[in-house]
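Just below is one structure, and these are the notes that go with it.
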Amino acid sequence: MKFATLIVSFLIVIAVLIPGPNLPDVSIGGFDKVVHIAMFGLWAVAVQYDFRTRKVTFWAFILTGILFSVITELLQLLVEGRSFDLYDMVADLIGLVSGFFLGGKIVQLLRKTR
């Protein structure tokens with residue numbers, strides 16, 4: 001069973017469903033985008049851990065990640081104080097691409113330590 005991807009996906013959905021007023025007040029400009037990059041970078045590593053990059057082509061991986069990003073942004077339309085943000089999706093894409101290229105090395109290290 002592919003638990004890493006499932007767990008990280010679930011945590012991302014929970015994070016985007018937190019109402020705006022309940023989010024911590026971080027007065028660092030752009031911090032939200034860093035969070036998006038980190039979430040989707042971690043998702044990319046989890047997908048590689050579960051499905052191994054040899055079986056998942058780059059474009060299938062990116063398209064699936066973009067679809068997940070769009071879904072998370074649409075979900076935010078249902079949450080008080082949250083909104084759809086194209087810049088969040090750009091940050092998600094940066095996280096996906098970074099995670100895809102760095103994830104192979106990270107997965108190798110994880111597998112060696114197991």
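Throughout, residue positions are numbered sequentially from 1 according to the sequence presented.
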When clusters are formed by joining ILVMFWY residues with side-chain heavy atoms under 4.5 Å apart, either directly or through shared neighbours, do Ile12 and Ile37 land in the same one?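 No, no single cluster joins them.
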Does one hydrophobic cluster hold both Val70 and Val35, with members joined at side-chain heavy-atom distances below 4.5 Å? yes
Using only atom types and a distance under 3.5 Å, with no angle test, would you say the side chain of [X] pairs donor to acceptor with the backbone of [Y]?
X     : Y      : value
Asp50 : Ala4   : yes
Thr64 : Ala60  : yes
Gln48 : Phe100 : yes
Ser98 : Gly95  : no

Can you pull out every salt bridge (Lys or Arg N to Asp or Glu O under 4.0 Å) where at least one residue sits in residues 33-46? Sequence neighbours excluded, please.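 Residue pairs passing salt bridge (Lys or Arg N to Asp or Glu O under 4.0 Å), neighbours aside: Lys33-Asp85, Lys33-Asp88.
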Rounded to the nearest 0.5 Å, how far apart are CG of Leu17 and CG of Leu78? 8.0 Å
Heavy-atom check, side chain of [X] versus side chain of [Y], under 4.5 Å:
X      : Y      : answer
Val79  : Ile18  : no
Phe101 : Val97  : yes
Thr113 : Leu109 : no

Please name all residues satisfying salt bridge (charged side-chain N to carboxylate O under 4.0 Å, His left out) with Asp32, sequence neighbours left out, ordered by chain then number. none
Apply ring pair (Phe, Tyr, Trp, His ring centres under 6.0 Å) to the pair Tyr49 and Phe3, showing each step before the final yes or no. CA-CA 10 Å; Tyr49 183 80; Phe3 288 114; over 10 Å; no
How are the rings of His36 and Phe40 set relative to one another: parallel (under 30°), tilted (30 to 60°) or perpendicular (over 60°)? parallel
Is it the case that more than 12 heavy atoms not belonging to Phe84 sit under 6.0 Å from its CZ atom?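 For Phe84, atom CZ is crowded (more than 12 foreign heavy atoms under 6.0 Å).
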